[in-house]
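Everything on this sheet refers to the single structure shown next.
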Amino acid sequence: MSHHLPPLTALRAFEAAARLGRMSAAADELSVTPGAISRQVRQLEQHLGVPLFDGTKARPTLTPAARMLQPVLTTAFAHIADTVREISDEGRGPLDVTCFSTFTVKWLIPRLFDFQARHPGIDVRLRTTDTGSDADREHCDLLITAEEANGVQDAAAQRLFPECLGPVLSPELARRVALHRPVDLAGQPLLHTRTRRNAWAMWAAAAGAPVPTLLSAPLPPGSEFEHYYFTLEAAVRGLGIAVAPWHLVTDDVRSGRLLAPLGFVASGYDYVLRHRAISHPRMDVFCMWLQMQAKAASIPPGPQEAGQDDPLGRAGSAACCS
(Lines give C-alpha, C1' and ligand atoms only; values in the text may rest on other atoms or scores of the structure.)
Protein backbone atom coordinates (compact mmCIF):
# COMPACT_ATOMS: atom_id res chain seq x y z
CA MET A 1 0.00 0.00 0.00
CA SER A 2 1.34 3.42 -0.93
CA HIS A 3 1.46 5.99 1.87
CA HIS A 4 1.30 9.60 0.68
CA LEU A 5 3.51 11.04 3.40
CA PRO A 6 5.21 14.44 3.39
CA PRO A 7 8.97 14.49 2.71
CA LEU A 8 10.97 13.01 5.60
CA THR A 9 13.23 16.06 5.75
CA ALA A 10 10.22 18.30 6.29
CA LEU A 11 8.88 16.07 9.06
CA ARG A 12 12.28 16.01 10.81
CA ALA A 13 12.64 19.79 10.54
CA PHE A 14 9.19 20.39 12.02
CA GLU A 15 9.66 17.82 14.82
CA ALA A 16 12.93 19.38 15.93
CA ALA A 17 11.57 22.95 15.76
CA ALA A 18 8.39 22.01 17.64
CA ARG A 19 10.24 20.02 20.32
CA LEU A 20 12.97 22.60 20.88
CA GLY A 21 10.75 25.67 20.50
CA ARG A 22 13.06 27.59 18.14
CA MET A 23 14.06 27.29 14.48
CA SER A 24 17.68 28.12 15.35
CA ALA A 25 17.85 25.31 17.93
CA ALA A 26 16.43 22.85 15.39
CA ALA A 27 18.99 24.07 12.86
CA ASP A 28 21.83 23.41 15.32
CA GLU A 29 20.54 19.91 16.08
CA LEU A 30 20.16 18.97 12.39
CA SER A 31 23.32 20.81 11.25
CA VAL A 32 21.50 23.05 8.75
CA THR A 33 20.68 26.76 8.59
CA PRO A 34 17.60 28.30 10.27
CA GLY A 35 16.42 29.32 6.81
CA ALA A 36 16.45 25.69 5.71
CA ILE A 37 14.32 24.73 8.72
CA SER A 38 11.82 27.49 7.93
CA ARG A 39 11.55 26.36 4.30
CA GLN A 40 10.99 22.75 5.31
CA VAL A 41 8.29 23.75 7.80
CA ARG A 42 6.53 25.87 5.14
CA GLN A 43 6.71 22.93 2.74
CA LEU A 44 5.07 20.70 5.35
CA GLU A 45 2.35 23.29 6.02
CA GLN A 46 1.60 23.44 2.28
CA HIS A 47 1.45 19.65 2.08
CA LEU A 48 -0.93 19.42 5.07
CA GLY A 49 -2.93 22.51 4.22
CA VAL A 50 -2.87 23.77 7.82
CA PRO A 51 -0.58 26.17 9.73
CA LEU A 52 1.77 24.65 12.28
CA PHE A 53 3.20 27.73 14.00
CA ASP A 54 1.61 30.92 15.31
CA GLY A 55 3.16 33.95 16.95
CA THR A 56 6.33 35.78 15.97
CA LYS A 57 9.62 34.39 14.71
CA ALA A 58 11.19 35.23 18.07
CA ARG A 59 8.42 33.50 20.06
CA PRO A 60 6.64 30.93 17.90
CA THR A 61 3.79 28.89 19.35
CA LEU A 62 2.35 25.58 18.19
CA THR A 63 -1.09 25.39 16.59
CA PRO A 64 -3.51 22.63 17.67
CA ALA A 65 -2.50 20.61 14.59
CA ALA A 66 1.18 20.95 15.51
CA ARG A 67 0.54 19.89 19.12
CA MET A 68 -1.12 16.73 17.78
CA LEU A 69 1.62 15.94 15.25
CA GLN A 70 4.80 16.66 17.23
CA PRO A 71 4.62 13.93 19.93
CA VAL A 72 3.74 11.30 17.30
CA LEU A 73 6.77 12.24 15.23
CA THR A 74 9.07 12.39 18.28
CA THR A 75 8.06 8.86 19.30
CA ALA A 76 8.35 7.56 15.75
CA PHE A 77 11.83 8.98 15.21
CA ALA A 78 12.96 7.57 18.57
CA HIS A 79 11.71 4.11 17.60
CA ILE A 80 13.45 4.35 14.25
CA ALA A 81 16.73 5.36 15.93
CA ASP A 82 16.48 2.51 18.45
CA THR A 83 15.78 -0.08 15.77
CA VAL A 84 18.59 1.15 13.53
CA ARG A 85 20.98 1.03 16.46
CA GLU A 86 19.94 -2.52 17.34
CA ILE A 87 20.46 -3.93 13.84
CA SER A 88 23.59 -1.94 13.01
CA ASP A 89 27.17 -2.91 13.73
CA GLU A 90 27.33 -2.97 17.54
CA GLY A 91 31.06 -2.23 17.51
CA ARG A 92 30.47 1.28 16.16
CA GLY A 93 28.79 4.40 17.44
CA PRO A 94 28.73 5.97 20.90
CA LEU A 95 27.55 4.27 24.08
CA ASP A 96 24.70 6.32 25.54
CA VAL A 97 24.82 6.47 29.36
CA THR A 98 22.14 8.31 31.35
CA CYS A 99 22.27 9.16 35.07
CA PHE A 100 21.46 11.86 37.62
CA SER A 101 23.17 15.17 36.87
CA THR A 102 25.07 15.45 40.19
CA PHE A 103 26.13 11.79 40.00
CA THR A 104 27.51 12.52 36.53
CA VAL A 105 29.51 15.56 37.68
CA LYS A 106 30.72 14.35 41.08
CA TRP A 107 31.25 10.60 40.57
CA LEU A 108 31.19 9.41 36.97
CA ILE A 109 33.12 12.10 35.08
CA PRO A 110 36.12 12.11 37.51
CA ARG A 111 36.51 8.36 36.83
CA LEU A 112 35.70 8.32 33.14
CA PHE A 113 39.30 9.09 32.12
CA ASP A 114 40.24 5.63 33.38
CA PHE A 115 37.68 3.97 31.09
CA GLN A 116 38.82 6.03 28.11
CA ALA A 117 42.44 5.06 28.78
CA ARG A 118 41.53 1.37 28.98
CA HIS A 119 39.09 1.37 26.06
CA PRO A 120 39.94 4.23 23.67
CA GLY A 121 37.82 2.69 20.90
CA ILE A 122 34.54 3.06 22.85
CA ASP A 123 33.00 6.53 22.82
CA VAL A 124 30.80 7.24 25.86
CA ARG A 125 28.08 9.86 25.46
CA LEU A 126 26.59 11.14 28.75
CA ARG A 127 23.03 12.33 29.29
CA THR A 128 21.21 13.34 32.47
CA THR A 129 17.80 12.55 33.92
CA ASP A 130 15.94 13.31 37.15
CA THR A 131 13.36 10.52 37.10
CA GLY A 132 14.67 7.77 34.84
CA SER A 133 13.95 4.15 35.81
CA ASP A 134 14.11 2.25 32.50
CA ALA A 135 16.89 2.34 29.89
CA ASP A 136 14.60 1.55 26.98
CA ARG A 137 12.16 4.34 27.88
CA GLU A 138 15.09 6.73 28.30
CA HIS A 139 16.34 5.70 24.83
CA CYS A 140 19.83 4.99 26.18
CA ASP A 141 22.10 1.96 26.39
CA LEU A 142 22.74 2.19 30.12
CA LEU A 143 20.94 3.95 32.96
CA ILE A 144 22.39 4.54 36.43
CA THR A 145 19.66 5.24 38.97
CA ALA A 146 18.77 4.77 42.65
CA GLU A 147 16.28 2.18 43.91
CA GLU A 148 15.21 0.77 47.25
CA ALA A 149 17.78 -1.64 48.65
CA ASN A 150 17.33 -5.30 47.75
CA GLY A 151 14.84 -4.31 45.07
CA VAL A 152 17.02 -5.44 42.15
CA GLN A 153 15.55 -8.72 40.94
CA ASP A 154 15.35 -8.53 37.14
CA ALA A 155 18.04 -9.50 34.66
CA ALA A 156 18.30 -5.98 33.20
CA ALA A 157 19.74 -4.51 36.42
CA GLN A 158 23.00 -4.75 38.37
CA ARG A 159 23.59 -3.40 41.89
CA LEU A 160 26.57 -1.02 42.10
CA PHE A 161 26.79 0.17 45.73
CA PRO A 162 24.57 1.26 48.63
CA GLU A 163 23.86 4.92 49.19
CA CYS A 164 25.12 6.32 52.51
CA LEU A 165 24.06 9.71 53.88
CA GLY A 166 25.79 12.04 56.31
CA PRO A 167 25.91 15.74 57.28
CA VAL A 168 28.83 17.67 55.77
CA LEU A 169 30.08 21.22 56.27
CA SER A 170 33.08 23.37 55.45
CA PRO A 171 36.05 23.60 57.84
CA GLU A 172 35.33 27.32 58.26
CA LEU A 173 31.75 26.69 59.37
CA ALA A 174 32.90 23.77 61.55
CA ARG A 175 35.05 26.18 63.55
CA ARG A 176 31.90 28.16 64.41
CA VAL A 177 29.53 25.22 64.86
CA ALA A 178 30.20 22.58 67.52
CA LEU A 179 28.78 19.57 65.67
CA HIS A 180 29.45 16.48 67.79
CA ARG A 181 25.98 14.92 68.07
CA PRO A 182 22.85 14.96 65.92
CA VAL A 183 21.11 17.21 68.45
CA ASP A 184 23.75 19.86 67.70
CA LEU A 185 22.06 20.38 64.30
CA ALA A 186 19.13 22.17 65.97
CA GLY A 187 19.11 25.84 65.07
CA GLN A 188 21.97 25.53 62.59
CA PRO A 189 21.79 26.67 58.93
CA LEU A 190 20.69 23.53 57.11
CA LEU A 191 20.85 23.29 53.33
CA HIS A 192 18.17 21.50 51.29
CA THR A 193 17.76 20.18 47.75
CA ARG A 194 14.45 20.71 45.97
CA THR A 195 14.61 17.39 44.16
CA ARG A 196 15.11 15.56 47.46
CA ARG A 197 13.40 17.48 50.22
CA ASN A 198 13.20 14.41 52.48
CA ALA A 199 16.98 13.90 52.66
CA TRP A 200 17.37 15.19 56.23
CA ALA A 201 14.41 13.13 57.44
CA MET A 202 15.80 10.05 55.65
CA TRP A 203 19.20 10.51 57.29
CA ALA A 204 17.63 11.01 60.73
CA ALA A 205 15.58 7.83 60.37
CA ALA A 206 18.59 5.81 59.23
CA ALA A 207 20.82 7.20 62.00
CA GLY A 208 18.21 6.82 64.72
CA ALA A 209 18.57 10.53 65.37
CA PRO A 210 16.00 13.28 65.94
CA VAL A 211 14.87 15.09 62.80
CA PRO A 212 16.50 18.55 62.78
CA THR A 213 13.92 21.01 64.13
CA LEU A 214 14.22 23.43 61.21
CA LEU A 215 12.49 20.88 58.99
CA SER A 216 9.17 21.57 60.69
CA ALA A 217 9.30 25.28 59.88
CA PRO A 218 9.26 27.09 56.52
CA LEU A 219 12.69 26.92 54.92
CA PRO A 220 14.70 30.13 55.29
CA PRO A 221 15.36 32.03 52.06
CA GLY A 222 18.51 30.89 50.30
CA SER A 223 18.67 27.50 52.01
CA GLU A 224 17.11 25.40 49.22
CA PHE A 225 18.76 24.64 45.87
CA GLU A 226 17.53 23.07 42.65
CA HIS A 227 20.08 20.25 42.43
CA TYR A 228 22.47 18.43 44.78
CA TYR A 229 25.43 19.90 42.91
CA PHE A 230 24.40 23.43 43.92
CA THR A 231 23.69 22.33 47.49
CA LEU A 232 27.14 20.79 47.84
CA GLU A 233 28.84 23.86 46.40
CA ALA A 234 26.95 25.98 48.94
CA ALA A 235 28.21 23.69 51.71
CA VAL A 236 31.80 23.97 50.45
CA ARG A 237 31.45 27.78 50.51
CA GLY A 238 30.31 27.70 54.14
CA LEU A 239 26.68 28.69 53.56
CA GLY A 240 25.33 25.87 55.72
CA ILE A 241 25.29 22.17 56.56
CA ALA A 242 24.19 19.72 53.87
CA VAL A 243 23.21 16.08 54.18
CA ALA A 244 24.83 14.27 51.28
CA PRO A 245 25.53 10.82 49.87
CA TRP A 246 29.10 9.66 50.51
CA HIS A 247 29.84 8.93 46.86
CA LEU A 248 29.07 12.56 45.94
CA VAL A 249 31.40 14.08 48.55
CA THR A 250 34.22 11.52 48.61
CA ASP A 251 36.72 13.79 46.87
CA ASP A 252 35.67 16.87 48.87
CA VAL A 253 36.05 15.04 52.20
CA ARG A 254 39.41 13.55 51.23
CA SER A 255 40.73 16.94 50.13
CA GLY A 256 39.47 18.65 53.30
CA ARG A 257 37.01 20.91 51.48
CA LEU A 258 34.22 19.31 53.53
CA LEU A 259 34.11 17.63 56.96
CA ALA A 260 31.77 14.82 58.04
CA PRO A 261 31.88 14.84 61.85
CA LEU A 262 28.87 12.52 62.28
CA GLY A 263 29.93 9.92 59.70
CA PHE A 264 27.58 8.23 57.24
CA VAL A 265 24.73 5.71 57.48
CA ALA A 266 22.99 3.54 54.89
CA SER A 267 19.91 5.31 53.51
CA GLY A 268 18.08 2.18 52.38
CA TYR A 269 18.72 2.87 48.69
CA ASP A 270 21.14 1.27 46.24
CA TYR A 271 22.67 2.70 43.11
CA VAL A 272 21.71 0.42 40.26
CA LEU A 273 22.87 -0.01 36.67
CA ARG A 274 20.11 -0.81 34.19
CA HIS A 275 20.70 -1.70 30.56
CA ARG A 276 18.62 -2.09 27.44
CA ALA A 277 16.84 -5.36 26.80
CA ILE A 278 19.22 -6.09 23.90
CA SER A 279 22.83 -6.11 25.08
CA HIS A 280 26.04 -5.87 23.05
CA PRO A 281 29.79 -6.18 23.77
CA ARG A 282 30.39 -2.43 24.32
CA MET A 283 27.72 -2.38 27.01
CA ASP A 284 29.22 -5.42 28.72
CA VAL A 285 32.66 -3.80 28.78
CA PHE A 286 31.31 -0.61 30.36
CA CYS A 287 29.23 -2.56 32.90
CA MET A 288 32.28 -4.55 34.00
CA TRP A 289 34.29 -1.34 34.34
CA LEU A 290 31.54 0.28 36.43
CA GLN A 291 31.42 -2.72 38.74
CA MET A 292 35.18 -2.47 39.17
CA GLN A 293 34.90 1.22 40.04
CA ALA A 294 32.10 0.50 42.51
CA LYS A 295 34.21 -2.14 44.28
CA ALA A 296 37.19 0.22 44.42
CA ALA A 297 35.12 2.92 46.12
CA SER A 298 36.16 3.18 49.75
CA ILE A 299 33.84 2.59 52.70
CA PRO A 300 32.68 5.95 54.07
CA PRO A 301 34.08 6.98 57.46
CA GLY A 302 32.03 6.68 60.64
CA PRO A 303 32.14 9.22 63.49
CA GLN A 304 35.06 7.56 65.29
CA GLU A 305 37.10 7.39 62.10
CA ALA A 306 36.49 11.12 61.61
CA GLY A 307 37.99 11.80 65.02
CA GLN A 308 34.68 12.27 66.84
CA ASP A 309 32.92 10.41 69.63
CA ASP A 310 30.11 8.27 68.29
CA PRO A 311 27.00 10.44 68.73
CA LEU A 312 24.70 7.45 68.60
CA GLY A 313 26.50 5.36 71.23
CA ARG A 314 27.61 2.71 68.74
CA ALA A 315 30.89 1.48 67.35
CA GLY A 316 32.21 3.55 64.47
CA SER A 317 31.94 0.67 62.02
CA ALA A 318 28.23 0.27 62.78
CA ALA A 319 27.58 3.81 61.64
CA CYS A 320 29.35 3.17 58.34
CA CYS A 321 27.85 1.93 55.16
CA SER A 322 29.65 -1.29 54.31
Side-chain angles (χ1 to χ4, degrees), residues 19 29 74-164 195-196 227-229 232 244-251 267-298 321:
R19 172 169 44 83
E29 181 175 283
T74 299
T75 300
F77 285 132
H79 287 166
I80 292 172
D82 289 344
T83 302
V84 168
R85 181 171 54 189
E86 288 175 6
I87 65 176
S88 64
D89 183 355
E90 298 295 359
R92 295 162 42 185
L95 186 69
D96 287 316
V97 179
T98 298
C99 42
F100 300 133
S101 57
T102 307
F103 183 93
T104 302
V105 173
K106 302 291 286 186
W107 194 88
L108 184 55
I109 288 179
R111 290 162 175 78
L112 199 56
F113 77 93
D114 178 78
F115 180 81
Q116 293 172 337
R118 294 170 182 266
H119 308 283
I122 301 178
D123 180 25
V124 178
R125 183 166 56 190
L126 300 179
R127 296 165 48 195
T128 61
T129 182
D130 290 328
T131 59
S133 60
D134 183 270
D136 287 304
R137 280 200 295 266
E138 290 287 327
H139 304 296
C140 63
D141 295 302
L142 296 167
L143 171 70
I144 302 173
T145 186
E147 301 179 6
E148 290 188 14
N150 303 318
V152 180
Q153 298 177 349
D154 56 284
Q158 300 177 29
R159 180 178 180 269
L160 289 177
F161 52 78
E163 181 191 63
C164 304
T195 55
R196 194 173 182 180
H227 294 290
Y228 245 130
Y229 179 77
L232 296 181
W246 163 247
H247 65 277
L248 297 184
V249 297
T250 302
D251 295 336
S267 70
Y269 279 80
D270 287 338
Y271 268 77
V272 173
L273 174 64
R274 290 193 167 275
H275 54 78
R276 290 168 48 221
I278 300 179
S279 182
H280 55 73
R282 290 179 300 125
M283 287 172 52
D284 296 337
V285 169
F286 193 79
C287 289
M288 291 177 61
W289 174 81
L290 272 179
Q291 290 288 359
M292 181 178 66
Q293 293 296 317
K295 289 181 180 179
S298 64
C321 175

At what distance, to the nearest 0.5 angstrom, does [atom1] of [X] lie from [atom2] of [Y]?
X	Y	atom1	atom2	answer
His119	Leu95	NE2	CG	11.0 Å
Phe100	Leu143	CZ	CG	7.5 Å
Thr102	Leu108	OG1	CG	12.5 Å

Partner set under side-chain contact (heavy atoms from CB on, under 4.5 Å) for [X], not counting sequence neighbours:
X	result
Gln116	Leu112
Thr75	His79
Arg111	Trp107, Trp289, Gln293

Can you confirm whether or not the ring centre of Phe103 sits under 6.0 Å from the ring centre of Tyr271? yes

Report yes if some heavy atom in the side chain of Met283 is under 4.5 Å from a heavy atom in the side chain of Leu142; otherwise report no. yes

Glu147 bridged to Arg159 by N-O distance under 4.0 Å: no

May I ask you to say whether Arg196 pairs ionically with Glu163, meaning some side-chain N is under 4.0 Å from a carboxylate O? yes

Around Tyr229, counting heavy atoms of other residues, nucleotides and ligands shown, do more than 12 lie under 6.0 Å from its OH? no

Would you find a donor on one side and an acceptor on the other, under 3.5 Å apart, between the side chain of Asp141 and the backbone of Asp96? yes

Are the side chain of Thr128 and the backbone N or O of Ser101 linked by a donor-acceptor pair below 3.5 Å?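 Judged by distance alone, no pair lies under 3.5 Å.
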
Give the intermediate values and the outcome of side-chain contact (heavy atoms from CB on, under 4.5 Å) for residues Cys287 and Leu273. CA-CA 8 Å; Cys287 289; Leu273 174 64; 3.4 Å; yes

Please find the pair of heavy atoms, one from Val272 and one from Ala157, that lie closest to each other, and give the distance.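 The pair with the smallest heavy-atom distance is CG1-CB, 3.8 Å.
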
Checking Val285 against Ile122 for the side-chain contact (heavy atoms from CB on, under 4.5 Å) test, could you report, in this order, the C-alpha distance in whole Å, the side-chain angles of both residues, the deciding distance, and whether it holds? CA-CA 9 Å; Val285 169; Ile122 301 178; 4.0 Å; yes

Residue that, paired with Gln158, satisfies side chain to side chain contact (heavy atoms under 4.5 Å, CB included) out of Met288, Arg274, Gln291: Gln291

Derivation and outcome, side-chain contact (heavy atoms from CB on, under 4.5 Å), residues Thr98 and Ile144: CA-CA 6 Å; Thr98 298; Ile144 302 173; over 6 Å; no

